[in-house]
K.L.:
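Handing you this structure, nothing more for now.
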Amino acid sequence: MISLKDKVSGSMVFFLITASQVGVGVLGFQSAINKYAEQDAWMSLIVAGGAISVIIWFMYGMLSNNAEGDIAAIHEFTYGKWIGAFFTILFSAYLLLMALVVLRTYIEIIQVWMFPHVKVWALLLLIIPLIYYTTADKFRAVVGVCFLGVVYPLFLILSFLFPLRYARLTNILPVMDHSFMEIMQSSSIAILEFMGLAALMVFYPFIREARHSQKFAHFGNLSTTALYLLICVISYLYYNQSEMENLIWGTLNLWKIIELPFMDRFEYFGIATLFFSILPNVALFVWASARSLNRVFGLAQAKMTGILLFILFITCLVSGGRQGINFLNDIAGTIGLWFLFAYIPVLFFINFIRRKVQKDGS
């Protein structure tokens, strides 16, 4: 049973959802979603954000009708003890994979843009103790980091005003020039930027009056959608299609054009500031992964966190190179897409039928 002092207010769900969705993807998602819908790709973000709101509704529908209110309890009730534990372990592995993708991609950005000769293990030795310090203690520490991770980098939004000097409206014309299927294909890629909300299935019992926090989850998802939409539209006004096709880190290239009298390379400052968004991203995934395993095996959260961070350290070392990181992103995107839009609705209906049968039986 989680004590009241370990719980946080419902409004914190806004920061938890936003922090879980805004990560390293914000630096280069424009070129990825451009593949199918080109200048109409900004529409795919609206579709993706709307679809995620539906998934939030499914999640709250299950969580609010379960006594313990997390995915481990839902799995056990729906599938039974052993099969339920198996699915919870798979879910925990998925969360750890998300942490790996975010952390390894951020390290690659540091290597490519700032310090080409720095070793991966050296950066990991600096970052991983910080993640352990954040996640091994109570959940309130993770919430605090997520709050700062949303509030502190907010001023970076002003940096997107600079590219507007070179904006060309013709770059996003003609509007609605792509088919419904092409927008959907682009949306399936855009979904990768919103996948962090899976952690909601774990931290729900730590929210006071959790049933009433759903609106904050939707507000968080709405703010994330608005942020990605803003960056996407400005990027598409700045880059033409031939430039977009050869782009990897669209946001970093936008920051390169910023000239300030007291700073030569704004993108360095942007990358360093974005660490305050990366840390809560990874911390929340690791905490949720460790908490899920804690619910299955009963091991102490701190010990479980230490084991997971050691696995994270090793997998970061062996998953080097652009191809390896692209592979991780593709795998995480595919699994996340199936998890959110196939597994969650199926689990919702099975869980609903199971509750109905139990209620009728009693």
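Just so it is clear, the structure is predicted and the values come from calculations on it, not from any experiment.
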K.L.:
Measure the acute angle between the ring planes of F155 and F269, then classify it against the limits of 30° and 60° as parallel, tilted or perpendicular.
P.N.:
tilted

K.L.:
Between D70 and V202 (side chain of the first, backbone of the second, donor and acceptor by atom type, cut-off under 3.5 Å), is there such a pair?
P.N.:
no

K.L.:
Report yes or no: do Y343 and W338 belong to one cluster of Ile/Leu/Val/Met/Phe/Trp/Tyr joined by side chain heavy-atom distances under 4.5 Å?
P.N.:
no

K.L.:
With side-chain contact (heavy atoms from CB on, under 4.5 Å) as the test, would you mind laying out the steps for N34 and Q241 before giving the verdict?
P.N.:
CA-CA 9 Å; N34 185 67; Q241 275 304 307; 3.1 Å; yes

K.L.:
Parallel, tilted or perpendicular, judged at 30° and 60°: which one describes the rings of F348 and W57?
P.N.:
tilted

K.L.:
Rounded at 0.5 Å granularity, tell me how far NE2 in H75 sits from CG in L90.
P.N.:
8.5 Å

K.L.:
For a quick test of reading the model, state the closest non-hydrogen atom pair linking L192 to G333 and the distance between them.
P.N.:
CD1-CA, 3.6 Å

K.L.:
Kindly indicate, with the supporting measurements, whether the criterion side-chain contact (heavy atoms from CB on, under 4.5 Å) is fulfilled by V22 and V150.
P.N.:
CA-CA 8 Å; V22 179; V150 173; over 6 Å; no

K.L.:
Anything under 30° is parallel, anything over 60° is perpendicular, the rest tilted; go ahead and classify F275 against Y106.
P.N.:
tilted

K.L.:
Taking atom CZ of R208 as the centre, report whether more than 12 heavy atoms of other residues, nucleotides or ligands fall under 6.0 Å from it.
P.N.:
yes

K.L.:
Under a 4.5 Å cut-off applied to non-hydrogen side-chain atoms, are S235 and I231 in contact?
P.N.:
yes

K.L.:
Mark yes or no for whether Q30, through its side chain, and Y236, through its backbone, hold a donor-acceptor pair below 3.5 Å.
P.N.:
no

K.L.:
Hey, would you say the F216 and F15 ring centroids sit under 6.0 Å apart?
P.N.:
no

K.L.:
So does L130 have more than 12 non-hydrogen atoms from other groups sitting under 6.0 Å from CG?
P.N.:
yes

K.L.:
Would you indicate whether the side-chain heavy atoms of T305 and Y132 approach each other to under 4.5 Å?
P.N.:
yes

K.L.:
Does F194 offer a backbone N or O that forms a donor-acceptor pair with the side chain of Q21 under 3.5 Å?
P.N.:
yes

K.L.:
Does the ring centre of F14 sit less than 6.0 Å away from the ring centre of F219?
P.N.:
no

K.L.:
Using a 4.5 Å cut-off on heavy atoms from C-beta on, say whether the side chain of L274 contacts that of I109.
P.N.:
no

K.L.:
To the nearest 0.5 Å, tell me how far I331 CD1 sits from L100 CG.
P.N.:
11.5 Å

K.L.:
Determine whether a donor-acceptor pair (N or O, by modelled atom type, separation under 3.5 Å) exists between the side chain of T224 and the backbone of G220.
P.N.:
yes

K.L.:
Name the residue from W82, Y94, Y79, F339 that meets the ring-ring contact (aromatic ring centres under 6.0 Å, His included) definition with F87.
P.N.:
Y79

K.L.:
Distance check, rounded to the nearest 0.5 Å: H212 atom NE2 versus I207 atom CD1?
P.N.:
13.5 Å

K.L.:
How about C232 and F29: do any of their side-chain heavy atoms sit closer than 4.5 Å?
P.N.:
yes

K.L.:
Cluster question for you: counting only ILVMFWY and a side-chain heavy-atom cut-off of under 4.5 Å, with indirect links fine, are L230 and L154 together?
P.N.:
yes

K.L.:
Could you tell me whether the side chains of N253 and Y238 share a donor-acceptor contact shorter than 3.5 Å?
P.N.:
no

K.L.:
Between E76 (side chain only) and A73 (backbone N and O only), is there a donor and an acceptor less than 3.5 Å apart?
P.N.:
no

K.L.:
Taking the six-membered ring of F203 (Phe, Tyr or Trp), confirm whether the NZ or CZ of R291 is under 6.0 Å from its centre and within 45° of its axis.
P.N.:
no

K.L.:
To the nearest 0.5 Å, what is the distance between OG1 on T135 and CG on L308?
P.N.:
9.0 Å

K.L.:
Heavy atoms, side chains only, cut-off 4.5 Å: are L63 and M201 in contact?
P.N.:
yes

K.L.:
For the pair Y60 and S213, evaluate side-chain hydrogen bond (donor to acceptor under 3.5 Å, both in side chains) and give the outcome as yes or no after the intermediate values.
P.N.:
CA-CA 9 Å; Y60 269 87; S213 66; 2.8 Å; yes

K.L.:
Are the side chains of Y166 and L254 in touch, meaning some heavy atoms are under 4.5 Å apart?
P.N.:
no

K.L.:
If you compare all heavy atoms of T18 against all heavy atoms of S223, which two are closest, and at what distance to 0.1 Å?
P.N.:
OG1-OG, 3.3 Å

K.L.:
Check step by step if side-chain contact (heavy atoms from CB on, under 4.5 Å) holds for M43 and M176.
P.N.:
CA-CA 9 Å; M43 297 179 192; M176 297 290 287; 3.2 Å; yes

K.L.:
Does some side-chain heavy atom of Q323 sit less than 4.5 Å from a side-chain heavy atom of N326?
P.N.:
no

K.L.:
Nearest 0.5 Å, please: how far is CG in L97 from OG in S92?
P.N.:
11.0 Å

K.L.:
Show the nearest heavy-atom pair for residues A290 and M304, with the distance to one decimal.
P.N.:
O-CG, 3.7 Å

K.L.:
Are any side-chain N or O atoms of S292 and backbone N or O atoms of A288, one a donor and one an acceptor, separated by less than 3.5 Å?
P.N.:
yes

K.L.:
Under 4.5 Å between side-chain heavy atoms, hopping through other hydrophobics if needed: is there a path connecting F310 to V318?
P.N.:
no

K.L.:
For the atom pair CG (N294) and NZ (K303), what is the distance rounded to the nearest 0.5 Å?
P.N.:
12.0 Å

K.L.:
Checking the side chain of R140 only, and the main-chain atoms of K7 only, is there a donor and an acceptor separated by less than 3.5 Å?
P.N.:
yes

K.L.:
Do L252 and W255 come within less than 4.5 Å of each other through their side chains, counting heavy atoms only?
P.N.:
yes

K.L.:
Which heavy-atom pair separates I278 from V24 by the least distance, and what is that distance?
P.N.:
CD1-N, 3.5 Å

K.L.:
Report yes or no: does N221 contribute a side-chain atom to a donor-acceptor pair with the main-chain N or O of A217 at less than 3.5 Å?
P.N.:
no

K.L.:
So, T315 side chain and L312 main chain: donor-acceptor pair closer than 3.5 Å or not?
P.N.:
yes

K.L.:
Would a single hydrophobic cluster contain both L126 and F313, if residues Ile, Leu, Val, Met, Phe, Trp and Tyr are joined by side-chain heavy-atom contacts under 4.5 Å?
P.N.:
no

K.L.:
When you look at L340 and M59, which way does the side-chain contact (heavy atoms from CB on, under 4.5 Å) test go after all the steps?
P.N.:
CA-CA 10 Å; L340 290 178; M59 287 180 172; 3.9 Å; yes

K.L.:
Tell me the closest heavy-atom pair linking A19 and C146, and the distance in Å.
P.N.:
CB-CB, 3.7 Å

K.L.:
Counting only N and O atoms by type, is there a donor-acceptor contact under 3.5 Å from the side chain of S289 to the main-chain atoms of F285?
P.N.:
no

K.L.:
Determine the minimum heavy-atom distance between I74 and M62, stating which atoms define it.
P.N.:
CD1-CB, 3.8 Å

K.L.:
Any chance the side chains of Y36 and S187 put a donor and an acceptor closer than 3.5 Å?
P.N.:
no

K.L.:
Same cluster or not: L222 versus M12, using hydrophobic residues (I, L, V, M, F, W, Y) connected whenever any side-chain heavy atoms lie under 4.5 Å apart?
P.N.:
no

K.L.:
Taking the six-membered ring for Trp, are the ring centroids of F349 and F352 within less than 6.0 Å of each other?
P.N.:
no

